[in-house]
Every structure is written in C-alpha cells, then in structure tokens.
Novice: 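Got a structure for you, written out below as structure tokens; questions coming shortly.
The model shown is predicted, which means the values in this text are computed figures rather than measured ones. First the proteins, then the strands, lettered A, B, ... as listed; each starts at 1.
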Protein chains: 2
Amino acid sequence: MPTRKLEKVVSLHDIRVACLECSLNEICLPVGVDADDIEQLDAIIDRKRPLPRGDHLFRAGDAFKSIFAVRAGSLKTYATSQSGQEQVMGFHLPGELVGLDAIARNAHPLSARALETTSVCEIPFTDLEELSMQLPGLQRELLRVMSREIHDDEQNMVILGQKSAEERLAAFLIGLSNRFHRRGFSASQFNLSMSRGDIGDYLGLALETVSRLFTRFQNDGLLRVDRKHIELLNRDRLCLFSGARCHQHQAETAKSSRSN
Amino acid sequence: MPTRKLEKVVSLHDIRVACLECSLNEICLPVGVDADDIEQLDAIIDRKRPLPRGDHLFRAGDAFKSIFAVRAGSLKTYATSQSGQEQVMGFHLPGELVGLDAIARNAHPLSARALETTSVCEIPFTDLEELSMQLPGLQRELLRVMSREIHDDEQNMVILGQKSAEERLAAFLIGLSNRFHRRGFSASQFNLSMSRGDIGDYLGLALETVSRLFTRFQNDGLLRVDRKHIELLNRDRLCLFSGARCHQHQAETAKSSRSN
DNA sequence: ATGCAGGCTTGATCTGGGTCAATGCCGGAA
DNA sequence: TTCCGGCATTGACCCAGATCAAGCCTGCAT
C-alpha cells in the first residue's frame with residue numbers, strides 16, 4: 001500500500017524531521033553544535049510517534065535510558081507525594097529537554113505526562129554521553145542546558161518560598177509568555193494546555209485560588225481569559241504584579257544575552 | 001622526588017591537600033575518576049586560603065569563572081529579591097559543589113557566603129570542561145553531580161510547594177543528618193552553622209516559626225536543642241513528621257543505591 | 001436531544017503561620 | 001565587670017489563602 005508511506009511524509013510535525021531541518025534547532029540541544037556534526041547527533045536520536053493527551057512518557061521510578069526533547073505539544077513533569085497530592089515541577093514546551101534529573105540515580109524521580117498530543121525525540125543517554133566526548137559543542141551545550149535547568153528550578157524556589165499567590169500567577173504567565181514568544185508565537189495571546197489544577201500544583205496554590213486570581217486579573221484589566229485561552233492586555237502591569245525584574249520580552253526577542 | 005610528595009601529606013585541612021589525599025574524594029568530584037587521572041584534575045584545582053565567616057565567595061551578578069568545592073566549613077547560597085528578603089537556595093557542606101547554576105548565563109545568579117570559617121577548592125571551568133573531554137569518568141561525574149543538583153532542587157520544590165511548616169523543618173533536619181552522616185559525622189547530633197533566620201529563608205518560613213517549632217519538637221521529645229546544637233532523640237518519629245518516605249540513613253550508610 | 005463527567009467558578013468559613021512587639025540570652029569588646 | 005549588638009524565644013493578633021460546598025458550563029457519549 002503506497003498510502004502507508006504517504007502518511008509519513010507530511011506536515012511540519014512529521015515524525016522524521018531531522019535536527020537540521022527542525023524548526024527548533026536554534027532552541028534545542030543542537031545549539032552550538034557545528035552544522036557538520038549535527039548529523040551525528042541526529043543519528044542517535046529516535047523519533048517516536050505522537051503521545052496522546054494524558055499518556056505518560058515515563059513514570060517515577062522507571063529505569064533511566066534516555067532523555068527526551070519535546071518536538072511538538074507539551075508535557076508536565078510531576079512528583080506524587082504519599083498524600084496523593086501532585087507537585088508539578090515543570091511544563092515543557094517544544095525544544096525543551098526532560099529527564100535530566102534522572103542521570104544521577106539511573107531512574108526517573110518524576111513522572112512525565114502529555115498535556116495534549118505531543119511528540120518527542122528520544123535521545124539514548126549512553127550514546128549522547130559518548131558523542132559529547134567527541135563534539136565539544138555538544139558537551140558544552142549539554143552542560144549549559146543542565147545549568148539552565150538548575151537556575152530555573154532556583155527561580156521556582158524563590159516563587160514558592162516567598163511570593164504571594166498573586167505574584168506567583170503573574171510570574172507564571174509572564175514566564176509562559178516569554179517562552180512562547182521565543183518559539184515564534186505571540187507573547188500576548190496563547191492557550192494553556194494545562195488545567196487550573198495543574199497550575200495550582202505547580203505554583204503551590206489551591207485550584208480555587210488560581211481561578212479566583214484569573215477572574216481578578218481580568219477584572220483589573222490585566223488580561224482576558226476564556227477557558228484555556230489567555231490574552232495579556234497589560235504585560236507591563238502584570239510584570240509589576242509579579243514582583244520581579246521581568247526580563248522585558250523585547251530583550252528576549254533581540255536575543256541580546258541569550259546563549260553563547 | 002619523595003620530598004615533593006612529603007610536602008603534600010599534612011593536616012586534614014591543610015590548604016594544599018591534593019585530591020588523592022583528601023578525605024572527601026569519595027564524595028567530591030573525583031568520584032569515578034581513575035586514580036591515575038586524578039592528578040590531572042588536581043593540577044587544575046586552585047586551593048584558596050580559608051574564607052572567614054560572613055565573607056562572600058561570590059556575589060550574584062559576578063562573572064562566572066570557576067565552580068567551587070567546599071573543603072571544610074559551610075556556605076549558604078541565596079538570592080535577594082528586590083523586597084530585600086533572602087531566599088536561601090542551599091547550605092553547602094564539605095564535598096559539595098557550588099556555582100553550577102552559573103554555567104548557562106556566564107554569571108552567578110546567586111550569592112555565596114561563608115557560614116563559618118570555610119575553605120574551598122576553586123575549579124576553573126574552562127579547564128574543567130577541557131579536561132572532561134579527555135577523562136570520561138570526569139565527564140560522567142560532572143553530569144551526575146548536575147543531575148543530582150536538579151533532583152535536589154526538585155525535592156525542595158516539593159517541600160516549599162506543599163509541606164506544612166512542621167514537615168519542612170523535620171525534612172530539613174533529617175536531610176542534614178543524612179548529609180553529616182555520609183561525611184562520617186554523627187547522624188544524631190550536630191551543630192547548625194546557620195541561624196534560625198537562614199533556616200526560615202531556606203524553608204520559606206518566618207524565623208519565629210522555626211524557633212517555635214524547635215521548642216515544640218523538643219517538648220514532644222523528638223530532639224534536644226541548645227542554641228546551635230541539635231540532638232535527634234527520635235529520628236524515626238521525626239521522619240514521620242516530615243511526611244516523606246525517609247531514606248533510612250541505614251541504607252545511606254550501606255551505600256546500597258548510591259553512585260554508580 | 002439528553003445526560004453525564006470533568007473542569008471551572010464563586011461563595012462562606014476556618015486556620016496555619018506571618019507580623020509586630022517585648023523580653024531574654026550569650027559572647028565579644030573595652 | 002559591664003555594656004552592647006545580634007540572635008533567639010515567646011506572646012498576641014490578624015490575614016492570605018486553604019478548605020468545604022454548591023452550582024455551572026461545555027463537550028462528549030448514548
């Protein structure tokens with residue numbers, strides 16, 4: 001059946017887009033790897049078919065074999081405490097790596113679950129480790145990515161440790177906006193792929209609080225919410241509310257200080 | 001030359017103890033590096049003279065040149081929000097690395113300050129990066145250490161995101177106890193090098209709350225406090241209070257699941 | 001179309017822990 | 001020895017946000 005073959009060679013989200021042709025290669029692991037060397041990286045990467053919403057990419061306790069890069073869609077990673085309550089550690093957008101926390105213990109400490117239909121690249125870790133011995137650019141970038149992850153987690157600790165509910169949600173929205181923007185999407189308008197409950201579990205708030213804050217922000221004219229859709233009407237004021245020197249997303253756009 | 005060798009073999013806290021003779025080499029970066037190769041690692045390391053209590057090793061915003069390993073004493077790393085309030089990210093004991101969060105941005109996002117007289121090994125990062133291209137064991141360990149840091153930060157996010165004050169302090173004490181124990185000190189009795197305020201800033205609590213909890217734990221017979229000195233009287237019950245499956249420090253001792 | 005389930009909103013109430021304030025204690029300087 | 005400054009403890013009060021409890025919307029399955 002030729003039809004079967006045809007099915008595969010299509011859209012932007014084709015399962016087999018090589019790193020070189022991938023629209024994310026300026027954001028993802030290949031950053032800083034020589035174009036000539038990207039093929040080698042490409043060769044060890046395994047493209048999986050899309051994960052339907054709600055499916056797990058891995059679960060806490062699973063043996064560690066690979067790290068994953070999100071290609072399309074989004075994931076959440078989370079820990080479940082014995083009280084049953086989830087702590088969401090992160091929401092992961094295209095171009096971001098998940099599973100870096102598993103290297104040390106050879107097992108995944110967190111579970112990862114698709115928030116929508118999501119495809120990922122699987123990168124077997126032993127191969128990656130070997131390859132990065134040969135490609136200085138790759139080793140560099142790997143260390144950088146891990147360092148950035150540490151830094152991001154620290155930011156989250158600040159948020160959880162000392163910000164008010166209002167500040168938390170504002171910071172969360174600004175952060176999301178920045179990340180979408182860097183990926184070429186609108187900074188002022190986007191869809192949340194996660195539920196209010198997930199946001200609460202991420203920010204250390206009850207989902208009711210999250211909900212109330214959305215309506216309050218809306219009443220204050222900061223944004224407009226419609227279910228999952230968010231439109232930021234006054235980004236600057238929202239920044240103020242977040243109680244943090246916000247990286248102006250202007251600066252982000254200009255890539256002034258970013259990578260390298 | 002036997003003389004050169006002799007120079008090196010002195011007191012435990014001698015400024016110039018080489019990695020090979022350092023009592024921490026089973027805990028610190030050299031883990032997993034071949035004994036033959038440790039000399040090379042040793043060669044790039046710069047031993048500084050001790051930092052007096054209260055001095056900064058680096059400050060937020062400083063250019064990133066090196067990572068540091070604590071040799072003796074202890075440090076806290078912290079961010080200061082514009083409200084002036086500190087968020088303490090970690091307390092660092094001998095054998096632990098600090099500064100890993102600076103790699104990505106080429107600048108330190110946090111400040112690091114000595115909690116007591118503290119000596120550190122300075123490891124220039126470019127040298128380290130280069131060397132780890134040659135020594136697979138070193139690259140491996142570096143990735144592992146960073147991964148562990150990510151994992152630890154995630155644990156802290158759980159603590160800050162969903163634990164009660166009581167659970168936080170209990171978890172903190174158990175964690176400290178484990179870390180002391182791994183370094184060969186008593187697990188049931190130790191001195192805190194940080195103030196109540198620091199503990200509060202670490203756990204996201206007011207110092208008054210920390211103080212109250214100490215006295216409450218003492219009244220409950222869980223521990224004895226005398227200023228900086230802590231004696232854990234009922235580790236198991238304290239574990240329960242922490243609301244986490246506590247790694248029994250037995251297991252820790254046996255090194256059952258630890259590294260490699 | 002109808003019903004149902006899962007998610008969201010909104011209101012009412014309660015409480016853990018923050019804040020403010022006073023007092024106590026220890027250790028170092030003179 | 002005394003004084004002083006930085007921590008630590010303890011008490012009284014209060015509020016942000018959790019919890020409990022309806023009710024609601026929307027999209028899917030029958």
Side-chain angles (χ1 to χ4, degrees), chain A residues 52-54 76 81 83-88 113 115-117 159-172 191-220 223-230 241-243, chain B residues 52-54 76 81 83-88 113 115-117 159-173 191-220 223-230 241 243:
Chain A
R53 173 195 159 101
K76 70 169 173 183
S81 50
S83 69
Q85 150 98 289
E86 281 182 11
Q87 173 68 39
V88 172
R113 190 211 282 254
L115 292 169
E116 58 193 309
T117 306
I159 286 180
L160 294 173
Q162 49 185 238
K163 302 250 180 182
S164 70
E166 171 175 285
E167 291 170 324
R168 292 182 200 199
L169 187 61
F172 170 67
N191 285 310
L192 302 173
S193 57
M194 68 295 287
S195 71
R196 304 290 193 263
D198 286 335
I199 297 174
D201 288 342
Y202 177 60
L203 297 176
L205 302 172
L207 66 316
E208 292 95 329
T209 306
V210 174
S211 182
R212 279 184 244 272
L213 284 171
F214 270 128
T215 58
R216 192 161 104 213
F217 283 168
Q218 177 159 258
N219 292 339
D220 292 357
L223 47 76
R224 197 172 306 146
V225 212
D226 177 33
R227 284 234 147 227
K228 302 283 188 188
H229 187 79
I230 302 285
F241 273 87
S242 85
Chain B
R53 171 196 160 101
K76 71 169 173 181
S81 49
S83 69
Q85 150 98 289
E86 280 182 12
Q87 173 68 39
V88 172
R113 191 212 282 254
L115 292 168
E116 58 195 307
T117 307
I159 286 180
L160 293 174
Q162 48 184 239
K163 303 251 180 181
S164 70
E166 172 175 285
E167 290 171 324
R168 293 181 198 199
L169 187 61
F172 170 68
L173 291 172
N191 285 311
L192 302 173
S193 57
M194 70 294 289
S195 71
R196 303 289 192 268
D198 286 335
I199 297 174
D201 288 341
Y202 178 62
L203 297 176
L205 302 172
L207 69 311
E208 292 95 328
T209 306
V210 174
S211 182
R212 279 185 245 272
L213 283 170
F214 270 128
T215 57
R216 193 160 104 214
F217 283 168
Q218 177 159 259
N219 292 339
D220 292 357
L223 46 75
R224 197 170 307 148
V225 212
D226 177 32
R227 282 240 146 223
K228 302 282 187 188
H229 187 79
I230 303 286
F241 273 87

Novice: Atom CG of B:Leu115 to atom P of D:dG6: distance rounded to whole Å?
Specialist: 18 Å
Novice: Looking only at heavy atoms, which two atoms of B:Ser195 and B:Lys228 are closest? And how far apart?
Specialist: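 For B:Ser195 versus B:Lys228, the nearest heavy atoms are CA-NZ, 3.4 Å.
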Novice: Pairs under 3.5 angstrom, nitrogen or oxygen only, protein versus nucleotides 15-17 of chain C, please.
Specialist:
unit_1: C:dG17; atom_1: OP1; unit_2: B:Ala165; atom_2: N; d: 2.7

Novice: Can you check side-chain contact (heavy atoms from CB on, under 4.5 Å) on A:Thr209 and A:Leu203, steps first, answer last?
Specialist: CA-CA 10 Å; A:Thr209 306; A:Leu203 297 176; over 6 Å; no
Novice: Starting at atom NE2 of B:His229, determine the distance to atom C1' of C:dC26, rounded to an integer number of angstrom.
Specialist: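 Taking NE2 of B:His229 and C1' of C:dC26, I get 17 Å after rounding.
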Novice: Show the numbers, then the answer: is there a side-chain contact (heavy atoms from CB on, under 4.5 Å) between B:Gln218 and B:Leu223?
Specialist: CA-CA 5 Å; B:Gln218 177 159 259; B:Leu223 46 75; 4.3 Å; yes
Novice: Going by salt bridge (charged side-chain N to carboxylate O under 4.0 Å, His left out), name the pairs with one or both residues in residues 159-168 of chain A, residues two or more places apart or in two chains.
Specialist: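 Non-adjacent pairs meeting salt bridge (charged side-chain N to carboxylate O under 4.0 Å, His left out): A:Glu166-A:Arg216.
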Novice: For A:Ala171 and A:Ser242, work out which heavy atoms get closest and say how close.
Specialist: N-CB, 3.5 Å
Novice: For residues A:Arg227 and A:Arg196, report the shortest heavy-atom separation together with the two atoms involved.
Specialist: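 Closest pair (atom of A:Arg227, atom of A:Arg196, distance): O-NH2, 2.9 Å.
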Novice: Given atom CZ of B:Phe214 and atom P of D:dC7, what is their separation to the nearest angstrom?
Specialist: 16 Å
Novice: Using only heavy-atom distances, decide whether a donor-acceptor pair under 3.5 angstrom links the side-chain of A:Arg216 to the base of C:dT9.
Specialist: no
Novice: Could you go through A:Phe172 and A:Val210, starting from their C-alpha distance and side-chain angles, then the distance that decides it, and tell me whether this counts as side-chain contact (heavy atoms from CB on, under 4.5 Å)?
Specialist: CA-CA 11 Å; A:Phe172 170 67; A:Val210 174; over 6 Å; no
Novice: Calculate the interatomic distance between A:Ile199 atom CD1 and C:dT9 atom C1'; express it in whole Å.
Specialist: 14 Å
Novice: Shorter than 3.5 Å, N or O on both sides, protein versus nucleotides 6-8 of chain C: list them out with atom names.
Specialist:
unit_1: C:dC8; atom_1: OP1; unit_2: A:Lys228; atom_2: NZ; d: 3.1
unit_1: C:dC8; atom_1: OP2; unit_2: A:Arg196; atom_2: N; d: 3.0

Novice: Taking CD from B:Glu208 and P from D:dC7, how many angstroms apart are they, rounded to a whole number?
Specialist: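 Rounded to whole Å, this separation is 14 Å.
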Novice: Write down the atom of B:Gln162, the atom of A:Ser81, and the distance for their closest heavy-atom approach.
Specialist: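 So the two residues come closest at OE1-OG, 2.8 Å.
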Novice: Tell me: CG of B:Asp226 to C1' of C:dC25, nearest whole Å?
Specialist: 11 Å
Novice: For B:Val210 and A:Arg212, take the nucleotide of DNA chain D holding the closest heavy atom to each; which residue's nucleotide lies nearer the 5' end?
Specialist: B:Val210
Novice: Rounded to whole Å, how long is the line connecting atom CG of A:Leu213 with atom C1' of C:dT10?
Specialist: 13 Å
Novice: Verify side-chain contact (heavy atoms from CB on, under 4.5 Å) between B:Gln87 and B:Leu160, making sure each step is shown before the conclusion.
Specialist: CA-CA 11 Å; B:Gln87 173 68 39; B:Leu160 293 174; 4.2 Å; yes
